[in-house]
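Written out below as structure tokens is the structure these notes cover.
Per chain, numbering begins at 1; letters A, B, ... match sequence-line order.
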Number of protein chains: 2
Amino acid sequence: MEASAPRRRTRIQQEKRDLILEAALEVFSARGFRGATIDQIAEAAGMSKPNLLYYFRSKEDIHETLMQRLLDTWLAPLRELDEIGDPLTELLGYIRRKLEMARDFPRESRLFANEILQGAPRIMPMLEGELKALVDEKAAIIERWMHAGKIARTNPYHLIFSIWATTQHYADFDVQVRAVLGPERSGDGRFEDAARFLEGLFMEGLRPKG
Amino acid sequence: MEASAPRRRTRIQQEKRDLILEAALEVFSARGFRGATIDQIAEAAGMSKPNLLYYFRSKEDIHETLMQRLLDTWLAPLRELDEIGDPLTELLGYIRRKLEMARDFPRESRLFANEILQGAPRIMPMLEGELKALVDEKAAIIERWMHAGKIARTNPYHLIFSIWATTQHYADFDVQVRAVLGPERSGDGRFEDAARFLEGLFMEGLRPKG
DNA sequence: CGAAATTTTGACCGGTTGGACAAACGTTAG
DNA sequence: CTAACGTTTGTCCAACCGGTCAAAATTTCG
């Protein structure tokens with residue numbers, strides 16, 4: 001007795017689905033939704049195409065599940081921004097966490113970048129709902145910090161955008177960063193250089209005058 | 001008597017090719033190379049697919065021509081960065097020009113973003129050649145400004161990256177910016193808000209202490 | 001006008017892709 | 001053992017896509 005969609009029961013089924021999602025993350029992030037093929041995902045997951053389609057109804061289904069499962073991870077750094085803490089420390093911490101995500105989860109970053117570049121056809125409701133609500137909440141916190149004189153007065157939304165942009169750049173435009181830095185400066189050290197630079201940029205830019 | 005590739009002769013041929021490139025920019029920037037179809041480009045250009053293929057040998061040919069033709073426009077703002085001028089003014093001018101390009105040429109921005117996200121399979125030589133050379137040259141200028149005490153000491157490469165990231169963000173992630181700002185704050189004013197914010201961010205961040 | 005050159009198109013082709021399906025395979029439990 | 005259930009795969013299909021081709025339509029030019 002089951003509903004139309006087969007419910008995940010066994011641990012084996014759950015593991016297979018996770019395996020497929022991992023493979024799909026690899027392929028989708030590298031080629032985009034339309035550029036990826038089910039065959040490529042199946043091969044990356046070590047199974048045949050019909051077998052993959054036994055666990056997911058369609059390519060769209062894989063993508064949707066992947067997006068939903070990654071969303072929490074992706075927004076976690078911003079969720080941690082805490083009004084109680086020291087404003088500059090909190091913002092620098094957010095920048096650091098975001099940069100670490102660009103370093104440790106570049107595929108997730110590219111997956112979202114791909115989706116948004118194409119006009120976000122599949123996640124627009126999430127952007128206008130969950131994301132907007134979260135940003136509104138945190139922007140209000142930042143604004144209270146500004147009014148309290150803890151950080152320089154500026155536009156909190158564009159501040160958040162600038163943090164997204166500067167950190168995700170190292171994941172989304174990785175090949176360009178590497179090409180410009182050259183082989184000798186493209187080692188792991190580039191993330192530490194980036195962290196130092198961004199700390200300096202935002203620190204001085206956000207420090208209240210006087 | 002002609003070479004293998006038919007040379008552009010008439011004004012009409014040139015205009016048709018321009019028309020196709022304009023249509024291709026629209027389609028490629030919105031869907032990526034693999035997501036775009038020749039039929040879509042042909043329709044956007046108001047002609048049939050075989051007719052389009054009379055003017056360009058292949059889809060790759062269109063993309064390559066488009067990239068080459070856009071490259072100069074895209075790098076122009078950085079080329080204008082002048083060692084003779086006042087460092088802070090020069091950098092702010094560069095930021096402003098880049099932001100204006102994100103506002104006035106968002107399709108070009110997304111075209112390059114799409115290409116780089118996919119690993120830059122078609123323009124890697126340009127990144128490692130022309131782009132790297134230009135950035136090396138300008139980074140050297142910035143470094144001399146730093147040593148002269150005109151601007152704060154920091155990593156000139158990451159400074160350039162941060163300018164690219166923050167400005168192009170408003171073109172590449174436009175739908176996300178609009179979704180987060182909401183309908184009421186997504187008017188043309190958002191670019192002026194962004195300009196003000198970025199000027200504050202970089203000004204304070206780059207001003208030498210003392 | 002009329003011939004030559006250029007431009008446009010309908011029809012077609014081979015390869016790819018998302019997905020369906022039934023048969024085969026394996027596993028588990030009575 | 002064997003029936004039932006879950007899993008895997010070979011095969012197939014229709015739609016799509018990049019590109020070809022020959023013929024038709026149009027323009028150019030003597």
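When the P atom of dG6(D) is taken as reference, atom CD of Q14(A) falls 16 Å away, rounded to whole Å. The interatomic distance linking D39(B) (CG) with dT8(C) (C1') rounds to 15 Å, in whole Å. At whole-Å resolution of the value, CG in L52(A) and P in dA20(C) are 13 Å apart. Between the CG atom of N51(B) and the P atom of dT6(C) there is a distance of 15 Å, rounded to whole Å. Between the C1' atom of dC21(C) and the CZ atom of R57(A) lies a distance of 18 Å, rounded to the nearest Å. Between E43(B) atom CD and dC16(D) atom P the separation is 14 Å, expressed in whole Å. When the P atom of dG10(C) is taken as reference, atom CG of L53(B) falls 14 Å away, rounded to whole Å. Between the C1' atom of dT7(D) and the CZ atom of R17(A) lies a distance of 15 Å, rounded to the nearest Å.
At distances below 3.5 Å, not a single donor-acceptor pair connects side-chain atoms of E143(A) with backbone N or O atoms of P156(A).
Judged by atom type and distance alone, K59(A) does not reach the base of dG19(C) through any side-chain donor-acceptor pair under 3.5 Å.
Comparing dT8(C), dT8(D), dT7(C) against the side chain of Q13(B) picks out dT7(C) as the nearest. Among the nucleotides dC17(D), dG10(C), dT7(D), the one closest to the side chain of P50(B) is dG10(C). Between dT6(C), dT8(D), dT9(C), one nucleotide has an atom nearer to the side chain of Y54(B) than all others, and that is dT6(C). Closest to the side chain of K49(B), from the set dT9(C), dT6(C), dG18(D), is dG18(D).
Comparing M47(A) and R34(A) by the nucleotide of DNA chain D that holds the closest heavy atom to each, the one mapping nearer the 5' end is M47(A).
Minimum heavy-atom separation, L111(A) to L70(A): CD2-CD2, 3.7 Å. Across every non-hydrogen atom of L81(B) and K138(B), the tightest pair is O-NZ, 2.8 Å.
Across all strands, K16(A) comes closer than 4.0 Å only to sugar-phosphate atoms, never to a base (heavy-atom distances). The residue I38(A) sits close only to the backbone: its heavy atoms come under 4.0 Å of sugar-phosphate atoms, none of a base. The residue A42(A) sits apart from the nucleic acid: no heavy atom pair falls under 4.0 Å. Residue F56(A) is out of contact with every strand shown, counting any heavy-atom pair closer than 4.0 Å.
When the shell of 6.0 Å around CD of E43(A) is examined, it contains 12 or fewer heavy atoms from other residues, nucleotides or ligands. Atom CZ of R185(B) sits in a sparse spot, with 12 or fewer heavy atoms from other residues, nucleotides or ligands closer than 6.0 Å.
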